[in-house]
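Worksheet: one structure, shown below.
As the structure lists them, so they are numbered: ligands from 1, and atoms in each ligand from 1.
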Amino acid sequence: MTRRNPPPVSLLLLLVLLPLLAVAPTSLAQDFDFFYFVLQWPGSYCDTAKSCCYPTSGKPAADFGIHGLWPNYNDGSYPSNCDPNSPYDASKVRDLLSSMRQKWPTLACPSSDGTQFWTHEWEKHGTCSESVLDQHDYFQAALGLKKQVDVLQILQDAGIQPDGGNYSLKSIVSAISDAIGYTPWIECNKDEAGNSQLYQVYLCVDTSAAKLIQCPVLPRKRCGSEIEFPSF
Ligand code: 5GP
Ligand code: 5GP
């Protein structure tokens with residue numbers, strides 16, 4: 001009597017697993033398109049009508065500080081507060097805290113050690129990139145980007161100094177684009193007298209938070225064509 005061999009177990013497994021494999025990449029893939037890496041000029045944060053407070057560790061360096069690393073979608077919208085079960089936990093970034101104090105200083109009032117700022121940034125933005133960066137990776141990635149791009153040095157090399165002078169927005173954008181190969185976005189705010197000044201620099205970064213990219217979409221806020229670069 002002839003008896004047909006049953007299909008090998010491996011073939012059966014493949015038939016069961018194939019449809020799962022087709023679905024898995026979407027559920028595992030990152031759920032955002034790129035990051036904005038946002039730096040703030042402390043002189044412009046402080047010299048507004050609202051003023052500022054130095055962190056409890058003292059006056060920060062006269063340098064651009066990190067504001068945040070923000071997951072974003074290519075259409076300009078962005079996710080926020082993605083995981084209420086993942087609170088900021090300083091013990092996870094203990095080895096980074098001293099760099100965070102220096103490079104990611106808080107200027108909000110009342111004075112604090114930065115915990116509130118970092119908590120806000122992690123909970124609002126960091127939890128939305130948890131598919132690629134856990135809390136330690138997230139803060140480490142932002143610190144790495146800060147080290148990778150020295151915006152103040154780039155501007156100074158182009159003769160653009162935080163001296164309270166006025167500079168064309170174009171010259172600021174060109175200095176940074178020429179140095180890093182990608183166009184930054186510049187956000188302004190107003191000093192007490194209502195003059196427009198250089199407040200934040202947005203750089204775009206790929207989903208691994210390691211490589212600068214051309215911005216897929218730009219924020220809406222605009223500066224005037226001549227802006228002040230206040231001292232700090
Ligand atoms: P503002 O309204 O002051 O420009 O922004 C307030 C906050 O909203 C920012 O600090 C940031 O947390 C978030 N935000 C504003 N614009 C963007 C954006 O284009 N992308 C992302 N990811 N967050 C943004
Ligand atoms: P975002 O604008 O990123 O959504 O929110 C920033 C939050 O962090 C605000 O609640 C703001 O008061 C607080 N914060 C604390 N320190 C700083 C700082 O140095 N710069 C900015 N932009 N916000 C800060």
Side-chain angles (χ1 to χ4, degrees), residues 30-84 87-88 90 97 99-133 138-139 141-143 145-146 151-152 182-191 196-207 209 212-223 230 232:
Q30 85 288 333
D31 26 28
F32 61 100
D33 297 321
F34 70 98
F35 287 103
Y36 283 125
F37 176 56
V38 185
L39 295 162
Q40 60 179 4
W41 177 248
S44 302
Y45 186 96
C46 288
D47 112 17
T48 64
K50 224 171 97 183
S51 192
C52 74
C53 294
Y54 296 154
T56 42
S57 49
K59 183 179 176 176
D63 186 16
F64 285 88
I66 300 169
H67 178 165
L69 182 62
W70 303 343
N72 222 82
Y73 298 121
N74 285 339
D75 70 0
S77 66
Y78 59 91
S80 61
N81 299 101
C82 297
D83 186 0
Y88 172 79
L97 282 172
S99 302
M100 286 160 67
R101 266 180 228 114
Q102 287 176 44
K103 307 294 180 188
W104 201 326
T106 178
L107 292 165
C109 294
S111 286
S112 72
D113 68 355
T115 302
Q116 282 163 349
F117 192 22
W118 305 324
T119 299
H120 173 87
E121 293 300 314
W122 166 254
E123 291 177 358
K124 180 170 180 181
H125 299 286
T127 56
C128 300
S129 49
E130 272 183 310
S131 57
V132 283
L133 303 172
Y138 176 80
F139 285 96
L143 292 167
L145 289 164
K146 165 74 184 141
V151 172
L152 182 61
Y182 302 104
T183 314
W185 182 255
I186 305 297
E187 179 185 351
C188 293
N189 68 357
K190 292 206 154 114
D191 69 10
S196 179
Q197 55 185 3
L198 171 53
Y199 171 42
Q200 301 204 107
V201 176
Y202 292 61
L203 305 176
C204 292
V205 184
D206 73 347
T207 50
L212 295 171
I213 57 168
Q214 198 64 50
C215 288
V217 61
L218 296 167
R220 279 147 299 145
K221 299 150 271 187
R222 293 202 154 272
C223 293
F232 178 63

Considering only protein heavy atoms, which is closest to [atom], and at what distance to one decimal place?
atom: atom 11 (C) of ligand 2; result: A108 CB, 4.7 Å
atom: atom 20 (N) of ligand 2; result: Q40 OE1, 2.9 Å
atom: atom 1 (P) of ligand 1; result: K221 NZ, 4.3 Å
atom: atom 4 (O) of ligand 2; result: H120 NE2, 2.8 Å
atom: atom 7 (C) of ligand 1; result: K124 NZ, 3.4 Å
atom: atom 14 (N) of ligand 1; result: Y78 OH, 3.3 Å
atom: atom 22 (N) of ligand 1; result: N72 OD1, 2.9 Å

Under 4.0 Å from a heavy atom of [X]: give me the atoms of ligand 2 that qualify, with their elements.
X: Y45; result: 18 (C), 20 (N), 21 (C), 22 (N)
X: P105; result: 19 (O)
X: Y199; result: 22 (N)
X: T106; result: 15 (C), 16 (N), 17 (C), 19 (O)

With atoms numbered from 1 as shown, which atoms in ligand 1 lie under 4.0 angstrom from a non-hydrogen atom of [X]?
X: H67; value: 10 (O)
X: Y36; value: 19 (O), 20 (N)
X: H125; value: 11 (C), 12 (O), 23 (N)

I'd like to check [X] versus [Y] (side-chain heavy atoms, cut-off strictly below 4.5 Å). Are they in contact?
X: C188; Y: S196; answer: yes
X: Y36; Y: V217; answer: yes
X: F117; Y: I66; answer: no
X: Q197; Y: W41; answer: no
X: K59; Y: F232; answer: yes
X: Y182; Y: C204; answer: no

Point to revise | SG-SG under 2.5 Å, C109 vs C52 | key: no
Exercise for review: Please confirm whether F139 and Y88 have ring centers closer than 6.0 angstrom.
Suggested key: yes
Review point. Do any heavy atoms of P71 fall under 4.0 Å from ligand 1?
Key: yes
Practice item. Specify whether Y78 and H125 have parallel, tilted or perpendicular ring planes, treating 30° as the upper limit for parallel and 60° as the lower limit for perpendicular. Key: tilted
Exercise for review: Take the angle between the ring planes of W70 and Y202 and call it parallel below 30°, perpendicular above 60°, tilted in between.
Suggested key: perpendicular
Review point. Can you find a protein heavy atom under 4.0 Å from atom 9 (C) of ligand 2?
Key: no
Purely on distance, is any nitrogen or oxygen of [X] under 3.5 Å from one on ligand 2?
X: E121; result: yes
X: F117; result: no
X: W70; result: no

Review point. Taking F35 as the fixed residue, which of L133, N72, L145 is the one that meets the side-chain contact (heavy atoms from CB on, under 4.5 Å) rule?
Key: L133
**Study point:** E187, any N or O under 3.5 Å of ligand 1 N or O
**Key:** no
Exercise for review: Quick one: look at W118 and ligand 2, take heavy-atom pairs under 4.0 Å, and tell me if it's side chain, backbone, both or neither.
Suggested key: neither
Check your understanding: Is the Lys NZ or Arg CZ of K146 less than 6.0 Å from the centre of F64's six-membered ring, within 45° of the axis?
Key -> no
